*Asks:* 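Right, I'll just put the structure down here and ask away after.
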Amino acid sequence: MAYNSYRKSSFRLEGSDIKIKLLFADSFAKRFLGLMGKKALPKKTGLYIVPCNSIHMCFMRFALDVLYVDKSMKIIKVVENLPPWLGLSICLKAQGTIEFSSGTVKSLGGADRLLNRHLI
């Protein structure tokens, strides 16, 4: 499934001028496929999977940084550098996940800067 088939929207990190683009995986097929088989994501672009509170890294070709968000888009958990094929991550309180290429969290200021902030 090509990226151009995903609904897109831009968000800003609360209290900053940092903008990110999100691709929405909001259908069964898009959630099921996720990023499997893809080579990378564009910089500062994430795949927002909703509803979702856990991810696996089977069939992945690159490591991910993952933000778990609640229904108000508050970041409630940050996972950095989840390795391809071996990784698994869960956050039972999450409404959705945002997957980025590894290194994105660091480029956005680190996990401490992101945690408990909203995407607006």
Side-chain angles (χ1 to χ4, degrees):
M1 195 169 290
Y3 289 136
N4 60 2
S5 69
Y6 288 83
R7 184 169 59 95
K8 301 168 185 71
S9 187
S10 291
F11 285 80
R12 186 173 52 81
L13 184 62
E14 173 186 46
S16 77
D17 59 354
I18 295 173
K19 292 183 181 179
I20 58 172
K21 183 188 298 183
L22 295 184
L23 309 172
F24 287 75
D26 51 6
S27 70
F28 175 78
K30 288 176 183 171
R31 285 192 315 267
F32 178 77
L33 292 174
L35 295 171
M36 288 189 296
K38 303 284 193 239
K39 292 183 181 175
L41 271 169
K43 284 194 179 271
K44 291 195 180 173
T45 299
L47 180 65
Y48 178 40
I49 304 173
V50 60
C52 180
N53 64 6
S54 63
I55 63 167
H56 66 82
M57 297 295 287
C58 296
F59 308 104
M60 287 295 299
R61 301 168 96 181
F62 58 98
L64 294 178
D65 288 348
V66 182
L67 305 180
Y68 287 90
V69 295
D70 67 11
K71 62 184 171 187
S72 70
M73 293 297 281
K74 178 181 174 185
I75 300 167
I76 58 175
K77 182 177 178 179
V78 178
V79 178
E80 294 182 77
N81 202 30
L82 200 57
W85 284 99
L86 304 173
L88 175 67
S89 182
I90 298 170
C91 180
L92 296 177
K93 294 180 181 180
Q95 175 70 25
T97 60
I98 303 172
E99 300 177 350
F100 294 99
S101 293
S102 184
T104 301
V105 165
K106 212 170 262 181
S107 75
L108 295 174
D112 290 339
R113 181 173 187 198
L114 299 175
L115 202 56
N116 295 315
R117 310 255 318 260
H118 287 84
L119 293 172
I120 52 176

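In this text the structure is predicted, and so the values were computed from the model without any measurement.
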*Asks:* Centroid separation under 6.0 Å, is that true for the rings of F24 and Y6?
*Replies:* no
*Asks:* Ignoring hydrogens and geometry, is there a side-chain-to-backbone donor-acceptor pair from H118 to I120 under 3.5 Å?
*Replies:* no
*Asks:* Please determine, by modelled atom types, if S102 and N81 share a side-chain donor-acceptor pair under 3.5 angstrom.
*Replies:* yes
*Asks:* Is the shortest side-chain N to carboxylate O distance from D17 to R12 below 4.0 Å?
*Replies:* no
*Asks:* Only one of I20, L64, L47 forms a side chain to side chain contact (heavy atoms under 4.5 Å, CB included) with F100, so which one is it?
*Replies:* I20
*Asks:* Taking ring-ring contact (aromatic ring centres under 6.0 Å, His included) as the test, write out the residues that go with Y68, two or more places apart.
*Replies:* none
*Asks:* A quick test of your reading: do over 12 heavy atoms of other residues, nucleotides or ligands sit less than 6.0 Å from CG of D112?
*Replies:* no
*Asks:* Is the backbone of G37 close enough, under 3.5 Å, to the side chain of R61 for a donor and an acceptor to pair up by distance?
*Replies:* yes
*Asks:* Does R117 use its side chain to pair, donor to acceptor, with the backbone of L13 at less than 3.5 Å?
*Replies:* no
*Asks:* If you apply the rule side chain to side chain contact (heavy atoms under 4.5 Å, CB included), what do you find for V105 with V78, and how did you get there?
*Replies:* CA-CA 8 Å; V105 165; V78 178; 3.9 Å; yes
*Asks:* With distance as the sole test, does N53 use its side chain to make a donor-acceptor pair with the main-chain N or O of A94 at under 3.5 Å?
*Replies:* no
*Asks:* Before giving the answer on side chain to side chain contact (heavy atoms under 4.5 Å, CB included), spell out for E99 and V79 the whole-Å C-alpha distance, their side-chain angles and the decisive distance to 0.1 Å.
*Replies:* CA-CA 10 Å; E99 300 177 350; V79 178; over 6 Å; no
*Asks:* First locate atom NZ of K21, then atom CZ of F11, and finally report the distance between them rounded to the nearest 0.5 Å.
*Replies:* 13.0 Å
*Asks:* Taking side-chain hydrogen bond (donor to acceptor under 3.5 Å, both in side chains) as the test, write out the residues that go with T45, two or more places apart.
*Replies:* none
